**Q** 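Quick one: the structure is below, questions incoming.
Everything numeric here is computed off the predicted structure, so don't read it as measured data.
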Amino acid sequence: MSLDAAVVKAPHGRRPRGIRGALAMLCLALLLPVWIAVIAMVLRMAEVEREQIVMQGIGASRRAATSIEREFIGLRATLLALASAPSPGGLDLTALEVQAATLRTLLGIGLQVEARAEPGRPREVVIGQLESDAQTGQPVLPLSVALPGTPQRHLVLRADAAGFWSEALRRVALPKDWPVVVLDAEGRILSRLPVSDRIGQLLHERNRFLVAGAPQGRRRTTAEDGELYDISWQRVVATGWTVAVAVPAGREDAELFAAVWPLLATSATLTLVLPLGIWIWGSRRIVRPLAKLARLAAANGQERDLLRQEPSGIRQIDRVAAALHASALERGARQSAVVSNEAAFRRLLDHLPVGVVLVEAPSGRVLYLNARISEMSGVAVDLDGHVGKETTDWQASDAEGKRIAAADLPLARTLRTGRPEVGDYRLRRADGRLVWLRSMARPVRASQGDEAITGAVCVIVEVGNEYAAIRALGEQVSSEAVARGDAEAAATALAASEVRFRQFAEASPDAVWIHDPDFAAPVYVGPAAAALSGLPAERLANDPGAWMAAIFPDDRPRLREAMEAAASGRHATVEYRLRRADGAVIWIRDIAFPIGEKPGGAKAGTSRIGRLTHDATLRKGAEARQALLIAELNHRVKNTLATVQSIAQQTARNAGAGGDIGGFVATFTARLRALAQGHDLLTASAWTGAPMEALTAAVLAPWRGGRPPRMVVAGPPLWLGHRQALALALALHELATNAVEHGALALNGTGQARLTWEALPEGGTRMIWRESGGPLVDRPRREGFGSRLLGRGLAGELGPGASVALRYDPAGLCAEITFPPPPLPIEPGASRDRP
């Protein structure tokens, strides 16, 4: 393969850049900052040069404006001097005409006295409009001033626009190609250099900014002749005229180019010459040695005659060449050693008494087969096969002669599952003989802990002798079938029993244990033991103390005693607490029993100890809850009977000595009904308590109808404990029946009873029963059942800190009941407010 063919392509299919190109790019990269600096410098120079030219134009416009203003001031002074010259007898027009003629001769300007219709202000010079001279026809600009004493006569000075004012502009000494113009306030051209026939005409509309805009400035525009100029203008304060100087744009560009082109030419020359020089130097000093180095590397890589490169003069290249040569020598030595070791390893594998197969994953391509494989199969070694694909050279079957698919062989299963596989099968050799083989396959991984497999190795052993021995043993057993029939039946029954036992033990939720009498490692541990304890099954099977260590220390002696009892031939049942691997505590019920007997009779003890272990946590919890519920039921029955007895006694006492059995029965039944309604509410909530709204709705239902309602109940949601609910049910019933018999709820009356409750800021609840609109109320002379219930028993039933206040106001009975916060609802079977 040529060196060019060995070049690796760059991304997107492009060939990598050569060293010459890289050197050129390096030079350009090194020159780039310099070039940027040069360009910046050129731009700065151009900007400075342009600013200088601009400043020259602005200075020229200022000088021209100053010259015009100076000439105007001189003319104005002359006019004012002539107009105000003193005369002994007043204004002497003859003398003034003589002076004006003298000045016309000296200054070359028109100066004469004229009569005008409009009067003028003394000592004020008026600038007139351009007009044509009567004699020469040239445009002239008149300046007039009114003569004192004769406001209708003016001294008028006419200055030649093309001559006098242009001469003032010439004294500024501007370049010949810089036009300068004087404009009046209306934009009319008063004077111009070079002299033009446009004097007296108005500016073009696009240049009106000269007279309509700022008093001074600079702007690029197109003049009347179509040329592009940078115009600088300056307003003359004394006259309001504008002096504009136009600098040709072409001259600015020419001067800029003349200033910067040497620098540009120098930088461009350096940009071209320096990379070319470096490219030529790099080609001779770097590229050629590197090309020789590449050819040396290619020759050494193709294991041709090792070459040595002559010194190139560059230390790094010479070091690389020396390193390549040394690595080629070392690689050659290593390859020779690898070839030698590989040959020795192959000879070793070929002399092994077992077959060895190495395959690639996941393709299943066979990488290596040793000679033993050919001996076992009777065909030559073939490295073109793939594991898992059907082939006529390797046909395997099971003991019944059923064909085994290639994908079900151990090596194919290992490639598919990544786990070790073992299997026995019969192989039909090329000569037709059947041989029994055992295949043991294991996955090959790139590193420890890596899930992905890179291949698999399989060791195949011929086990025909084992199967022949089994077959011979079967024949021997068949020949001795009559003599050993009973033993074979017993063995069969034992095997079936063991199978049934294992099936039972594995399906049972109880853990099955079988121990030696000396309490060594268990002979058998059912899988349920690991589920109960959370410990690995291997640890329970190999460590006799693992289960005991999980038991509470106080309970361990009980299990030991049960084991000792089973070892002596007795059954024993024990319960103990066990801490699971996850920290949870459970109750265990363990039944230990003897299995079989040792030779020598019953006194010799048992040969095995069996145990059945199951989780008794739910049963223990149920027993505890049952005991709690029974105790709670007994307590509540006693409380209810005591309450009923108290109601009966109090009702009988109130019935009086007259023995009003009917009244007793009605009153006693109503009170029991109120108690029963409270019980119904508590039963619905499993005796955890009752809401106040449901209690009042059940107890006060008979008195809450009608329009308007005679009983009003209002208050926020409130939860009552079961004792509070029973006590308030009886109390509200007594209040309502008392109101019917003696108070606001009497029949055919219009009174009203109002029951309200509210939460107190410090905690607890305040309930108020207030009657109104009924008969007058007096304190009872004798204390009945209702009064004793409300005044004595109710506060004790409502909890610590409860109080009951009864006020017998003439307007109606008022009962104020205060009790602490009710207990929260609790689970059935528990009592939080038991006395």
**Q** For Thr414 versus Arg419, what's the shortest heavy-atom pair and its separation?
**A** OG1-O, 3.1 Å

**Q** Locate the shortest heavy-atom distance separating Val422 from Pro410; write the atom from each residue and the value.
**A** C-CG, 4.1 Å

**Q** Can you name the nearest heavy-atom pair linking Ala530 to Ala537, along with the distance?
**A** CB-N, 4.0 Å

**Q** Test side-chain contact (heavy atoms from CB on, under 4.5 Å) on Val713 and Met692 and set out the steps.
**A** CA-CA 11 Å; Val713 180; Met692 185 67 179; over 6 Å; no

**Q** Does Trp757 use its side chain to pair, donor to acceptor, with the backbone of Pro716 at less than 3.5 Å?
**A** yes

**Q** Side chains of Arg611 and His515: is there a donor and an acceptor less than 3.5 Å apart?
**A** yes

**Q** Restricting to pairs with a member in residues 549-558, which pass salt bridge (charged side-chain N to carboxylate O under 4.0 Å, His left out), not counting sequence neighbours?
**A** Asp555-Arg558, Asp555-Arg577

**Q** Evaluate the ring planes of His571 and Phe593, with Trp represented by its six-membered ring, and classify them as parallel (under 30°), tilted (30 to 60°) or perpendicular (over 60°).
**A** parallel

**Q** Could you walk me through whether Thr696 and Leu755 pass side-chain contact (heavy atoms from CB on, under 4.5 Å), step by step?
**A** CA-CA 9 Å; Thr696 57; Leu755 175 65; 3.9 Å; yes

**Q** Can you list every side-chain hydrogen bond (donor to acceptor under 3.5 Å, both in side chains) pair that touches residues 527-541, not counting sequence neighbours?
**A** none

**Q** Is a donor on one side and an acceptor on the other found under 3.5 Å between the side chain of Asp809 and the backbone of Ala811?
**A** no

**Q** Are side-chain heavy atoms of Asp590 and Leu612 found at a separation under 4.5 Å?
**A** no

**Q** Test your reading of the model: is there a side-chain donor-acceptor pair from Arg807 to the backbone of Ala815, 3.5 Å cut-off?
**A** no

**Q** Can you list the residues that meet the side-chain contact (heavy atoms from CB on, under 4.5 Å) rule with Val740, with sequence neighbours excluded?
**A** Trp703, Leu745

**Q** Of all heavy-atom pairs between Leu794 and Ala731, which one has the smallest distance, and what is that distance?
**A** CD2-CB, 3.8 Å

**Q** With no hydrogens and no angle check, is any side-chain donor or acceptor of Thr454 less than 3.5 Å from a backbone partner on Val444?
**A** yes

**Q** Could you grab the distance from atom CG of Leu718 to atom CZ of Phe819, nearest 0.5 Å is fine?
**A** 5.0 Å

**Q** Checking side-chain contact (heavy atoms from CB on, under 4.5 Å) for the pair Asp510/Thr613: CA distance, chi angles, key distance, verdict?
**A** CA-CA 5 Å; Asp510 296 345; Thr613 305; over 6 Å; no

**Q** Can a donor-acceptor pair be found, under 3.5 Å and without considering hydrogens, that links the side chain of Thr756 to the backbone of Gly715?
**A** no

**Q** Hey, can you pull the donor-acceptor pairs under 3.5 Å for the side chains in residues 770-779, sequence neighbours left out?
**A**
unit_1 : atom_1 : unit_2 : atom_2 : d
Glu771 : OE1    : Ala744 : N      : 3.2
Glu771 : OE2    : Trp769 : NE1    : 3.0

**Q** Please report the interatomic distance CG(Leu540) to CG(Leu535), rounded to the nearest 0.5 Å.
**A** 5.0 Å

**Q** Quick check against the 3.5 Å criterion: does Arg445 have a side-chain atom that pairs as donor or acceptor with the backbone of Ile453?
**A** no

**Q** To the closest 0.5 Å, what do you measure between OG1 (Thr617) and CZ (Arg580)?
**A** 9.5 Å

**Q** Could you measure the distance from the CD1 atom of Ile817 to the CG atom of Leu728? Nearest 0.5 Å is fine.
**A** 6.5 Å

**Q** Identify the heavy atoms of Ala541 and Pro522 that sit nearest to each other, and give their distance.
**A** O-CD, 3.6 Å

**Q** Out of curiosity, Ile609 CD1 to Ile514 CD1, how far, rounded to the nearest 0.5 Å?
**A** 11.5 Å

**Q** Between Tyr576 and Trp587, is a side-chain contact (heavy atoms from CB on, under 4.5 Å) present by the stated rule, with each step listed?
**A** CA-CA 6 Å; Tyr576 51 84; Trp587 276 93; 5.5 Å; no

**Q** Please report the closest heavy-atom contact between Glu797 and Ala727, naming both atoms and the distance.
**A** CB-CB, 3.5 Å

**Q** With sequence neighbours left out, write down each residue that passes side chain to side chain donor-acceptor pair (under 3.5 Å) with Arg589, or none if nothing qualifies.
**A** Glu575

**Q** Could you tell me whether the side chain of Asp398 and the main chain of Lys402 form a donor-acceptor pair under 3.5 Å?
**A** yes

**Q** Looking at Gln752 and Pro709, would you say the former's side chain and the latter's main chain have a donor-acceptor pair under 3.5 Å?
**A** yes

**Q** Looking at CD of Gln724 and OG1 of Thr765, how far apart are the two atoms once the value is rounded to the nearest 0.5 Å?
**A** 8.0 Å

**Q** Give me each pair satisfying salt bridge (charged side-chain N to carboxylate O under 4.0 Å, His left out) with a member in residues 743-762, each pair once, sequence neighbours excluded.
**A** Glu758-Arg766

**Q** Within the structure provided, determine whether Pro443 and Pro420 are in side-chain contact (heavy-atom separation under 4.5 Å).
**A** yes

**Q** So does Asp516 pair up with Arg608, basic N to acidic O under 4.0 Å?
**A** yes

**Q** For Arg442, is the CZ atom crowded, meaning more than 12 foreign heavy atoms sit under 6.0 Å from it?
**A** no

